[in-house]
A.B. asks: 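Can you read through this structure? Questions will come right after.
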Amino acid sequence: MVEMRMRDALREALREELLRDERVFLLGEDIGLYGGSYTVTKGLLDEFGAKRVIDTPIAESGIVGAGIGAAMAGMRPMVELMTINFSFLAMDQIVNNAAKLHYMSNGQINIPLVIRMASGGGSQLAATHSHSLEGMYAHFPGLRIVCPSNPADGKGLLKRAFRDDNTVIFIEHTANYSLKGEVPDDEDYLVEFGKATVVREGTDVTLIGYSGSVHQATRAATMLAEQEDVDAEVIDLRTLRPLDMDTVIASVKKTNRAVVVEDDWKFGGFGGELSAQIMEQAFDWLDAPVARVSGKDVPMPYNRNLEFAALPSEEDVVDAVLSMF
Amino acid sequence: MSTETQTPTTLRGLTREQADHFLHQMVLIRRFEEKSGEMYTKGKIRGFLHLYTGQEACAVGAVNVLEERDKVITHYRDHGHALARGLDPNRIMAELYGRVDGVSGGRGGSMHLYDVEKGFLGGYAIVTAHLPLAVGLGLASNLQNEDFVTLCIFGDGSVGEGEFHEALNLAALWDTPVIFFCENNLYGMGVPFQQSLSTEISTLAEAYGITTENVDGMDVVDVYHAAKRAVEHCRAGSGPYFIEALTYRYRGHSMADPELYRLKEEVDEHRKRDAIQRLRSEMVEAGWLDDAGYQAVVDRVEREVDEAVAFADASPEPALESLFDNILAEDARG
């Protein structure tokens, strides 16, 4: 195990995959000379050259489409879209081509493509640059949605993404890039998709998060234990498609209460899907309605205080939990 | 004996074998489309059906320059390209019927035909969405040090889309072996082309530094020679190539089109340029074909199309249990 930050763990995954499989190559905006806008790809151009680390023009639809085409021809590309906000410009390629070609061709065409993008608010970038769209992408059958919360998962899930024969939407929360953690240095270290983890065991309530919100849930659990004598269990979903409901349901059947924590808007967000599935599968075990702690229903404001008020906080989670007892 | 020695060995650069093949393919496409329209009115084919009638010279002239390792990727008016690429007419018709023996197992329908083994990577029903894919195929060809060429076919309706410009720029920037083949049939659905673009199509391609040429899309020989130059250019590693073929569709945009935007006289005028009749009369002139010979082609095609309909009629509906098959790659069940 080596301690490293999320951005370094992701870079190590890319580097190892580039070394392991000559079909792997990287396409993206500012991934080469600039080193990646979050420095994830720093140094890779020097090491692997301009044929495998390709700086592209700002043309989201074009480069995602090029990734899909290269994948159709047997390559294993990764496309970096800088941030999830820009992925709206590539929506048709992702939704109509990447997610559907395998099905529409009756299994003849595979699209083994990794699309990386940074997500989340909290950096005072205002409404166009602060989206959390994990749930929106999870809406579409035919895609894998991966959203790691820590460096070890970041590396293991990203390496796993390159081994998949489907398109993987790999979403990195900007607040997590500098997060430190122990990371296995084994080249074959992979984290399987569809396996949630219990980050903290507890008996009174289940807090469910993914990506950035795992940390709010964990901090809330500490506050609940220290200040309120409530023992919360925290689950990190890791991937939204496939979704590990078994781990969630087992926990809810033990604690009888569930709170979903996410940056996404509550209205039509992924938390609604989780609450519905918990209700469908564990209604008789619930002592309170499933609660959702989400981003406020507003375009993200620039002002620091307003933005803070629009994002879910650990205090919101604590309040939601206390209202269940 | 003396007449035989006067028979030319080539017709504007086509061998007799090629001319026979082109004529057969164009007649097959024409009849296949007419029959598809018939089957649509009978309710055997549903959804959207876009017929290729009138544009046959484009598919036949362009697709036939390719080798087995090359790829074809095209728009939703795709039956003609599929037939020209040698996909089984029986399985194409079965796909239009939505049956299990269809080239896409009944999942795609008319607009989404695929046959990966034949390098036919699909019809695409979102206008222009396949142009970036063609760039990716070209990029893979370069990265793999292969020299397969991708023929990317689209209509004049594509040129107003942003992706058209992104794709042309990337293709030129990365020297990808892609032939951009624009079938300009003068209408984007019902909007005349002149109302859609502020300049000429070839001007756009040239602006990206792409070698460009205009051809008569109702002349299979012209199309063939242009496409041949394009393949040689791509194969030599000289980057993409752009062809604009001026053509015309005889039928509406789809079966649902009442054709309020054009006059019957206009259609009749374009029918005088008909590609099949043109090749036929040139072959007659060359002494390669007579009425009986042409009738033999028509009869052969009639049998092929009847067989395709019989095959589609006999093919079973997909099993309901197969609904969830192939959503994800490892979901493939047997």
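Proteins get letters first, then strands, A, B, ... in listed order; numbering begins at 1 in each.
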A.B. asks: Can you see whether A:Asn85 engages A:His129 through a side-chain donor-acceptor pair at a distance of less than 3.5 angstrom?
C.D. replies: no
A.B. asks: When heavy-atom pairs shorter than 4.5 Å are enumerated against chain A, which of B:Val135, B:Leu137, B:Val103 gives the highest number?
C.D. replies: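 Most heavy-atom pairs under 4.5 Å with chain A: B:Leu137.
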A.B. asks: Would you mind checking which part of B:Leu121 comes under 4.5 Å of any heavy atom in chain A, side chain (CB onward), backbone (N, CA, C, O), both or neither?
C.D. replies: both
A.B. asks: Checking A:Asp264 against A:Ser132: is there a side-chain donor and acceptor pair closer than 3.5 Å?
C.D. replies: no
A.B. asks: Is B:Ala129 close to chain A through its backbone or its side chain, or both, or neither, when contacts mean heavy atoms under 4.5 Å?
C.D. replies: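 Answer is both: backbone and side chain atoms of B:Ala129 are under 4.5 Å from chain A.
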A.B. asks: Do A:Glu29 and A:Thr56 have side-chain N/O donor and acceptor atoms under 3.5 Å apart?
C.D. replies: no
A.B. asks: Test: salt bridge (charged side-chain N to carboxylate O under 4.0 Å, His left out). Region: residues 136-150 of chain B. Which pairs qualify, not counting sequence neighbours?
C.D. replies: B:Arg69-B:Asp147
A.B. asks: Any side-chain donor-acceptor pair under 3.5 Å between B:His81 and B:Thr74?
C.D. replies: yes
A.B. asks: Using a 4.5 angstrom heavy-atom cutoff, name the option from B:Gly109, B:Ser104, B:Ser141, B:Gly108 with the most pairs to chain A.
C.D. replies: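 That would be B:Ser104.
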A.B. asks: So which part of A:Gln93 gets closer than 4.5 Å to some heavy atom of chain B, the side chain, the backbone, both or neither?
C.D. replies: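 Contact with chain B is through the side chain of A:Gln93 alone.
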A.B. asks: Does any heavy atom of chain B fall under 4.5 Å from the side chain of A:Ile63, the backbone, both, or neither of them?
C.D. replies: both
A.B. asks: When you look at A:Arg15 and A:Glu12, which way does the salt bridge (Lys or Arg N to Asp or Glu O under 4.0 Å) test go after all the steps?
C.D. replies: CA-CA 5 Å; A:Arg15 193 176 166 273; A:Glu12 197 166 271; over 6 Å; no
A.B. asks: Which answer fits A:Leu89, side chain, backbone, both or neither, if we ask what part of it has an atom under 4.5 Å from a heavy atom of chain B?
C.D. replies: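 It is neither, since no heavy atom gets under 4.5 Å.
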A.B. asks: Shorter than 4.5 Å, heavy atoms on both sides: which option in A:Asp165, A:Asp92, A:Asn110 has the most such pairs with chain B?
C.D. replies: A:Asp92
A.B. asks: Return the option, out of B:Asn142, B:Leu143, B:Leu139, with the maximum number of heavy-atom pairs under 4.5 Å with chain A.
C.D. replies: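 Maximum pair count with chain A is reached by B:Leu143.
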A.B. asks: Between B:Asn169 and chain A, which part of the residue has a heavy atom less than 4.5 Å away: side chain, backbone, both or neither?
C.D. replies: side chain
A.B. asks: Return the option, out of A:Glu22, A:Arg23, A:Met75, A:Arg52, with the maximum number of heavy-atom pairs under 4.5 Å with chain B.
C.D. replies: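 Result: the option with the highest number of such pairs is A:Met75.
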A.B. asks: Pairing donors with acceptors under 3.5 angstrom, does anything connect the side chains of A:Thr41 and A:Tyr34?
C.D. replies: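 Result is no, nothing qualifies.
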A.B. asks: Looking only at side chains, do B:Glu183 and B:Tyr52 share a donor and an acceptor under 3.5 Å apart?
C.D. replies: yes
A.B. asks: Where on A:Glu60 is there a heavy atom nearer than 4.5 Å to chain B: the side chain, the backbone, both, or neither?
C.D. replies: backbone
A.B. asks: What part of B:Leu131 gets closer than 4.5 Å to chain A, counting heavy atoms only: side chain, backbone, both or neither?
C.D. replies: neither
A.B. asks: In terms of heavy-atom contacts, does NE2 of A:His139 have more than 12 from other residues, nucleotides or ligands at under 6.0 Å?
C.D. replies: no
